[in-house]
Amino acid sequence: MRRARPGAPPRGTSERALTSVEAGADFGAATDDTDTSTAADGRADGRAERRTEVLAEVRVEQRAEERVVSKLWHITLSVSGSEAPLKEVRRGLEQLAHDHPFLLTSRYANDHAEIRYWEEARDLHDAAAVALRLWGEHRQTAKLPPWEIVGLEVIDRETYHQRIAEGYGPPPAAPVGVHPF
């Protein structure tokens with residue numbers, strides 16, 4: 001191969017010359033699993049085998065990370081406290097539902113309320129953590145009563161549907177919105 005300036009045709013021809021450029025030290029490390037390096041005595045080089053093992057481990061870890069998928073969790077949050085005017089409780093729950101349209105239904109009385117909704121989360125711990133923050137984080141903006149969380153149920157979608165099919169568990173949230181008990 002003749003070395004020349006890139007793109008310059010060799011003298012006397014109309015063809016372009018090929019140029020060579022050295023590859024970097026890590027060329028092929030991420031994609032080439034078929035290194036056939038051999039030692040001076042003809043045995044396979046251990047570095048190539050180890051690199052293949054490491055690359056395989058990395059690919060398995062990447063596939064496992066890609067498989068982490070969020071699920072739907074049915075949340076029932078119960079709050080209770082000192083009595084508050086029903087109109088204020090209703091208005092606060094309606095504001096919460098307006099701010100967060102994921103809420104399915106809320107039931108309320110003058111001293112307690114129940115909020116039911118679906119939450120998308122990686123696992124039960126994440127869904128519960130979000131649910132436990134809901135009331136406190138929106139107490140000021142929705143002007144909710146200063147009640148405390150007294151109950152939390154977090155179940156996966158399959159369990160929710162199984163309970164409904166068997167006639168157990170909370171009734172389906174057909175009346176979407178804010179309703180008195």
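In what follows, residues are counted from 1 in the order of the sequence shown.
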Shortest non-hydrogen separation from Ala109 to Val89 and the atoms involved: O-CG1, 4.0 Å
With sequence neighbours left out, the residues meeting side-chain hydrogen bond (donor to acceptor under 3.5 Å, both in side chains) with Thr159 are Asp156
In short, Leu152 meets Ala131 closest at the heavy-atom pair CD1-CB, 3.7 Å
Look at atom CD of Gln140 and say whether more than 12 heavy atoms of other residues, nucleotides or ligands are closer to it than 6.0 Å. no
Taking atom NE2 of His98 and atom CZ of Arg91, what is their separation to the nearest 0.5 Å? 12.5 Å
State, to 0.1 Å, how close Leu132 and Ile149 come at their nearest heavy-atom pair, and which atoms those are. O-CD1, 3.3 Å
How long is the straight-line distance from NZ of Lys87 back to CD of Glu94, given to the nearest 0.5 Å? 12.0 Å
Leu93 versus Ile115: any side-chain heavy-atom pair under 4.5 Å? yes
Salt bridge present between Arg163 and Glu153 (N-O < 4.0 angstrom): yes
Report the distance from atom CG of Leu144 to atom CG of Leu96, rounding to the nearest 0.5 Å. 5.5 Å
With rounding to the nearest 0.5 angstrom, report the CH2 to CG distance, Trp73 to Asp123. 6.5 Å
Ala121 and Ala127: which non-hydrogen atoms are nearest, and at how many Å? CB-N, 3.6 Å
Using the rule that two of Ile, Leu, Val, Met, Phe, Trp, Tyr join whenever any of their side-chain heavy atoms come within less than 4.5 Å, decide whether Val150 and Ile75 are in one cluster. no
Checking Trp147 side chain against Asp111 main chain: does a donor-acceptor pair fall under 3.5 Å? no
Inter- and intrachain pairs under salt bridge (Lys or Arg N to Asp or Glu O under 4.0 Å), touching residues 138-148, at least two apart: none
For the pair Glu137 and Leu134, evaluate side-chain contact (heavy atoms from CB on, under 4.5 Å) and give the outcome as yes or no after the intermediate values. CA-CA 5 Å; Glu137 287 181 354; Leu134 178 72; over 6 Å; no
Atom pair OG1 (Thr76) and CD (Glu114), whose distance is rounded to the nearest 0.5 Å: 5.5 Å
Does anything in residues 118-140 pair up under ring pair (Phe, Tyr, Trp, His ring centres under 6.0 Å), and if so which pairs, sequence neighbours excluded? His74-Trp118, His100-His138, Trp118-Tyr160
Can you name the closest pair of heavy atoms from Glu120 and Ser70 and give their distance? OE2-OG, 2.6 Å
In Å, rounded to the nearest 0.5 Å, how long is the span from NE2 of His112 to OG of Ser82? 13.5 Å
